[in-house]
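Residue numbers start from 1 in every chain, and the chains themselves are labelled A, B, ... in the order their sequence lines are given, proteins ahead of strands. Not measured: the values here are computed from a predicted model. Hydrogens, waters and symmetry mates play no part in the numbers below; they use all other heavy atoms, side chains included.
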Amino acid sequence: MTNSISEGQRQANRERALGVARSGYNFAYLDENTKRMIRRAILKAIAIPGYQVPFGSREMPMPYGWGTGGVQVTAACLTPDDTLKVIDQGADDTTNAVSIRQFFEKTAAVATTTHTHEASIIQTRHRIPEEALSEGQILVYQVPIPEPLRFLEPRETETRKMHALEEYGLMHVKLYEDISHHGRIATTYAYPVKVEGRYVMDPSPIPKFDNPKLGGNAALQLFGAGREQRIYAIPPHTQVVSLDFDDYPFDPGHWEQSCALCGASESYLDEVITDDKGSRMFVCSDTDFCTSRTAAQEDAGKSDRASNGEGAA
Amino acid sequence: MTIRIKVEAVAKEFTLHAQGGVRLPVMSDASMEARGGECTALIGESGAGKSTLMRMIYGNYRTQAGRILIEHQGRSVDMASAEPHEVLEVRRLTLGYVTQFLRVIPRVPTLDVVAEPLLAVGTDIEAARERARALLTRLRVREALWPLSPLTFSGGEQQRVNIARGFAHEYPCLLLDEPTASLDAVNKETVVTMIEEAKARGVAVIGIFHDASVRERICEHQIDVTRFAPQSGAAA
Amino acid sequence: MIGAELLRVEGLTKHYGARIGCADVSFDLREGEVLAIVGESGSGKSTLLNCLSAQLEPSAGTITYLRGDGAALDVYGMSEPARRMLQRTDWAFVYQDARDGLRMSVSAGGNIGERMMAVGNRHYGAIRAEASGWLERVEIGTDRIDDRPSAFSGGMRQRLQIARALATKPRLVFMDEPTGGLDVSVQARLLDMIRALVGQYNLAVILVTHDLAVARLLSHRMMVMTKGHVVEQGLTDQVLDDPQHAYTQQLVSSILQT
């Protein structure tokens, strides 16, 4: 993905990419044929929203469960002009995010950022950024288990047939079990959705809080499952509906608290234990969102003080 | 009264495959009829074919030749050639059968065993049970037994449950195979009275009664089935 | 009460290579009619049941299902989605082993509710109320609604399987030895229950059993199979009391009388 950048910048990017090649890696680690194969799977996935496309997942230099599916999708999408952001649970500075970001800095020499709006590709584990995404951006999800029906029907041959024939009663059995055991739909992450009125899809283990952002999103959303060798997609501006019952409608949840750092009341919060005595605070899980707000408030504070000072003078 | 059951030139033989396929003719050219409001007794010594003929009329035994016509819902059904579902319809609505044997699903309470033929013709469950209670009371089956399965009862009690079941729905035609065989005098009198009441309603009754006094009292006709024995069989 | 024609089977044949599963089976079945298929193990009765219930494609022959609206459907000629839809709406299957017919990791209520949800019921309260009603009908305490079948006895599991099968009010139910493998007392209770439900909902049933007593108590008609062939069929009491074919005579004479 390329934003409007200067020809000079473009030239510099290419030279950096060539530098990677001279170091022995192909650009973005995967060889060109593999990337072509993955791109074909991605195109098919975009053409059939929510459908799981099989692909020949490669061994990556990291263990399964660390985002090998997402990494391969990202590698197939990257160009030298892209700007990459990697988050894990909303944070740019956790181990998984840092190591994947470094992986692509090393193998593709692309620019990286922590700012959501600056990124052309965002690889994520377990969150959708709070800030609204825009057209031209790609959100790549790391997916551990792509099959939403597996919980109740372990046979892959059978689940494929159920998708093909749109036999989705079983998904509601899962929600029924939730309500009967917990009095409400207790599924709080990987909450199943129906895409464009056709395929039922596992949105990866994002909190159900993020589900409303799946539908009608301006960005392209790609899902990669490395161990399970599946890619699926939600194209921009696609209808995505969270499954529910008439008398137990989908509820994304909310917090009584606001973020202790930035004061946000509409973001997804993490509970942080601050000492041995059980003191706790709630803070935004999206670190970029939180720091941007805090910075803006500080700026506003400074200018307030400045204007106050002027007034006093 | 009108003819309700008409047996026309029927024949019956058994093929015993276990004995090299030997064919055993037991009846040929048997004809008889039964009219509404009358009782016809089948007589003849044991093994002469009384029960066999009765089972053929009920469609329980197959018939090799001839016709067995039953007046059913304004038309005539040939039990010898009717489709299974037609035979079942005749049995459900028109033709009752009291055998010496009680065949029921274990565990079903006596009251429901008796009420069942009524439920099968669409009577609502309370009315059916009410009628069952009345019949069981009349036949002196102790109320304490009603919630139990009749399979654990004595022979006489089972027989009375069987009779109650056979009389629950008012079939236009009734087949009675030794209905009074194992009953004491008091209960026998009750059953004979019930048969007389059925006749008064216009029911056509065919019965096997070992007791000559019963036959004399209720039967207009007596048919000796020995005369239906095949000639060759009689000669053998 | 026996009603209109429901199923028409013509020349149904299944070969396993040179071996015959079942050969040239033809019959009609009507609404409310219970047909027992009896025979020893290996007689082809299970093969026939699987072919009839659209779980095993026959080598030859046709099955026509006459839907409630009068449409005549060629069971193996229709598309797979249509066939699977039929299997979970108008039809139902009760297996000998309840574990084959139940989801063991799903609660009793969820098991009963699955077919309702599969046909688009999306009201939790309504589904649960219906599931409760079915538990009562099969004599399982409604306080067990959230328990898994793994916590149930064999007889209860089988009753739950029947409730699950009947929850969407099918017109035709296939049963494969539904009382097999159960204690005698449990069997009696189940037979009674099946017979009551069959009568109450006017179900057509095709029942496979090797137990002639079960066939006598439950079925209106029976077919006797041996070596893949139907050797005799007719009214149940007629076939059992006046068997014509050598095999049937042998079968009837070899059962224990009680």
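Side-chain contact between C:I206 and C:F27: present, with at least one pair of heavy atoms (C-beta onward) separated by less than 4.5 Å.
In this structure, a donor-acceptor pair under 3.5 Å is absent between the side chains of C:R148 and C:S107.
Ring planes of A:Y268 and A:W255: perpendicular class, angle over 60° (limits at 30 and 60°).
Between chain C and the options A:E166, A:K161, A:K174, the largest number of non-hydrogen pairs under 4.5 Å is found for A:K161. Counting heavy-atom pairs closer than 4.5 Å to chain C, the top residue among A:I179, A:L243, A:L175 is A:I179. In terms of heavy-atom pairs under 4.5 angstrom with chain C, the leader among A:F151, A:F245, A:Y168 is A:F245. Heavy-atom pairs under 4.5 Å with chain C peak, among A:M171, A:H172, A:E153, at A:H172.
Less than 6.0 angstrom separates the ring centroid of C:F93 from the ring centroid of C:Y95.
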> Passes salt bridge (Lys or Arg N to Asp or Glu O under 4.0 Å), C:R144 versus C:D147? Steps please.
Replying inline: CA-CA 5 Å; C:R144 303 299 301 270; C:D147 293 349; 2.6 Å; yes
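Heavy atoms closer than 4.5 Å to chain C are found in both the backbone and the side chain of A:L152. Heavy atoms of A:Y248 lying under 4.5 Å from chain C belong exclusively to its side chain. With a 4.5 Å cut-off on non-hydrogen atoms, A:H181 touches chain C through its side chain but not through its backbone.
In this structure, C:K14 is positioned above the aromatic face of C:Y16, its NZ or CZ under 6.0 Å from the six-membered ring centre and within 45° of the axis.
Residues of residues 111-133 of chain C lying within less than 4.5 angstrom of chain A, judged on heavy atoms, are C:E114, C:M117, C:A118, C:R122, C:H123, C:Y124, C:G125, C:I127, C:R128 in numerical order.
The pair A:D210-A:K213 counts as a salt bridge, with a side-chain nitrogen and a carboxylate oxygen less than 4.0 angstrom apart.
In this structure, the side-chain contact (heavy atoms from CB on, under 4.5 Å) partners of A:I46, at least two apart in sequence or on a different chain, are A:I42, A:L220, A:L222, A:A233, A:P235.
The two residues A:A225 and A:F55 have their closest heavy-atom pair at O-CE2, 3.7 Å.
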